Amino acid sequence: MSYDDTTPPRWEMTVAEARTVQQELRERLIAHPPAGFAPRWIAGADVSMERFSHFGHAALVVLDAQTLAVAETATAEEELRFPYVPGYLSFRELPPLHACWERLAAKPDLVVFDGQGYAHPRRFGLACHGGVLWDVPTIGCAKTLLVGEHGELGMERGDTAPLIHKDEVVGMAVRTRDGTKPVYVSAGHRMDLATAVEWVLRLSRFRLPETTRHAHAVVNDLRRARKTE
DNA sequence: GCGACAG
DNA sequence: ATCTTGTCGC
């Protein structure tokens with residue numbers, strides 16, 4: 001596997017090949033944030049698509065970590081080649097997100113993905129793959145579970161419950177807002193669970209982090225614009 | 001074989 | 001992910 005910064009990633013492959021790629025790349029995962037981790041620019045990533053189409057709309061929206069104001073937005077629209085197969089989401093969404101990444105004038109210090117990181121059957125979800133690809137700290141923050149289970153957690157913002165899969169803590173169910181369903185946080189690359197949970201809470205005013213809310217709004221606008229043309 | 005299954 | 005209006009509640 002390359003990801004050498006000079007050769008464009010090769011995305012065309014079968015699910016079986018993708019599985020091998022995950023097993024190889026997961027060896028590169030760094031399970032802790034950089035020393036003195038204090039991100040100033042944080043990006044949200046998301047992809048949306050049309051009902052009976054393979055066309056995808058992707059966006060990376062960078063926010064100022066202190067004010068949560070939007071600093072830069074990069075978008076890409078292209079055919080999604082890889083099918084949606086649970087456990088292989090990164091091979092479907094990273095191609096357009098990578099195009100967004102290359103278009104960013106200034107790279108963020110942290111990226112929050114709309115999906116799992118380490119809480120994955122082979123411990124290499126979307127956030128892990130994106131982090132290794134770009135060599136940047138990443139966090140996975142999903143709305144629903146892919147694998148694992150957790151006990152009850154309090155109903156107040158900040159309450160948590162460890163997410164367990166095969167006797168291993170792979171993530172955390174986190175209540176980001178009083179009385180709402182929890183989100184599922186897991187470490188991506190150059191990240192640990194405690195730091196991931198800390199940042200997701202810091203970025204959340206509503207159920208989902210502001211980063212993903214902004215990215216979501218951008219990709220939905222793109223899709224509607226394309227549909228109306 | 002059966003059920004589960006990020007977006 | 002997407003298809004879809006109103007409605008209940010803070």
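Letters A, B, ... are given to chains in the order of the sequence lines, protein chains preceding strands, and every chain is numbered from 1. These figures come from a predicted structure and were not determined experimentally. Only this structure's heavy atoms are used, side chains among them; waters, hydrogens and symmetry mates stay out.
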Pair assignment for DNA chain C - dot-bracket with | for other-strand partners, Watson-Crick or G-U under 3.5 Å = ..........
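Residue pairs meeting the ring pair (Phe, Tyr, Trp, His ring centres under 6.0 Å) criterion with at least one member in residues 173-194 of chain A, sequence neighbours excluded: A:His150-A:Tyr184.
For A:Arg202, the CZ atom is densely surrounded, since the number of other residues' heavy atoms within 6.0 Å is greater than 12. Counting heavy atoms of neighbouring residues, nucleotides and ligands inside a 6.0 Å radius, atom CZ of A:Arg205 does not exceed 12 of them. Around atom CD of A:Glu168, more than 12 heavy atoms belonging to other residues, nucleotides or ligands sit under 6.0 Å away.
A:His216 has a side-chain polar atom (N or O) that falls below the 4.0 Å cut-off from OP1 or OP2 of C:dA1. Side-chain nitrogen and oxygen atoms of A:Arg223 include none within less than 4.0 Å of the OP1 or OP2 phosphate oxygen of C:dA1. Side-chain N/O atoms of A:Asn220 include none lying less than 4.0 angstrom from OP1 or OP2 on C:dA1.
A:Lys143 places a side-chain heavy atom less than 4.5 Å from the side chain of A:Asp114. Using a 4.5 Å heavy-atom cutoff, the side chains of A:Ser186 and A:Val170 are not in contact. Side-chain atoms of A:Tyr88 and A:Arg19, non-hydrogen and from C-beta on, do get closer than 4.5 Å to each other.
The minimum heavy-atom distance linking A:Arg213 with A:Glu210 is given by the pair NE-OE2, 3.0 Å.
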Show me the donor-acceptor pairs within less than 3.5 Å that the side chains of residues 100-108 of chain A make with the rest of the protein, sequence neighbours left out.
from     : atom 1 : to       : atom 2 : distance (Å)
A:Arg103 : NH1    : A:Thr75  : O      : 2.7
A:Lys107 : NZ     : A:Trp101 : O      : 2.6
A:Lys107 : NZ     : A:Leu104 : O      : 2.9

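Cation-pi geometry between A:Arg92 and A:Phe82 is not met at under 6.0 angstrom from the ring centre and within 45 degrees of the axis.
Residues satisfying the side chain to side chain contact (heavy atoms under 4.5 Å, CB included) criterion with A:Thr160, sequence neighbours excluded, are A:Met172, A:Val174, A:Val197.
Whole-Å rounding puts the A:Met155 CE to C:dC10 P distance at 12 Å. One interatomic measurement links the two molecules: CZ of A:Phe91 to P of C:dA1, which rounds to 21 Å at whole-angstrom precision.
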Is there any protein nitrogen or oxygen under 3.5 Å from a nitrogen or oxygen in nucleotides 3-7 of chain B, and what are the pairs?
from  : atom 1 : to       : atom 2 : distance (Å)
B:dA6 : OP2    : A:Tyr84  : OH     : 2.4
B:dA6 : N7     : A:Gly87  : N      : 3.1
B:dA6 : N6     : A:Gly87  : O      : 3.1
B:dA6 : N6     : A:Tyr88  : N      : 3.1
B:dA6 : N6     : A:Leu89  : N      : 3.1
B:dA6 : N1     : A:Leu126 : N      : 3.1
B:dA6 : N3     : A:Gln116 : N      : 3.0
B:dG7 : OP1    : A:Lys143 : N      : 2.9
B:dG7 : OP1    : A:Lys143 : NZ     : 3.3
B:dG7 : OP2    : A:Thr144 : OG1    : 2.8

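Counting only Watson-Crick or G-U wobble pairs whose defining distances are both under 3.5 Å, DNA chain B contains no stem of 3 or more consecutive pairs.
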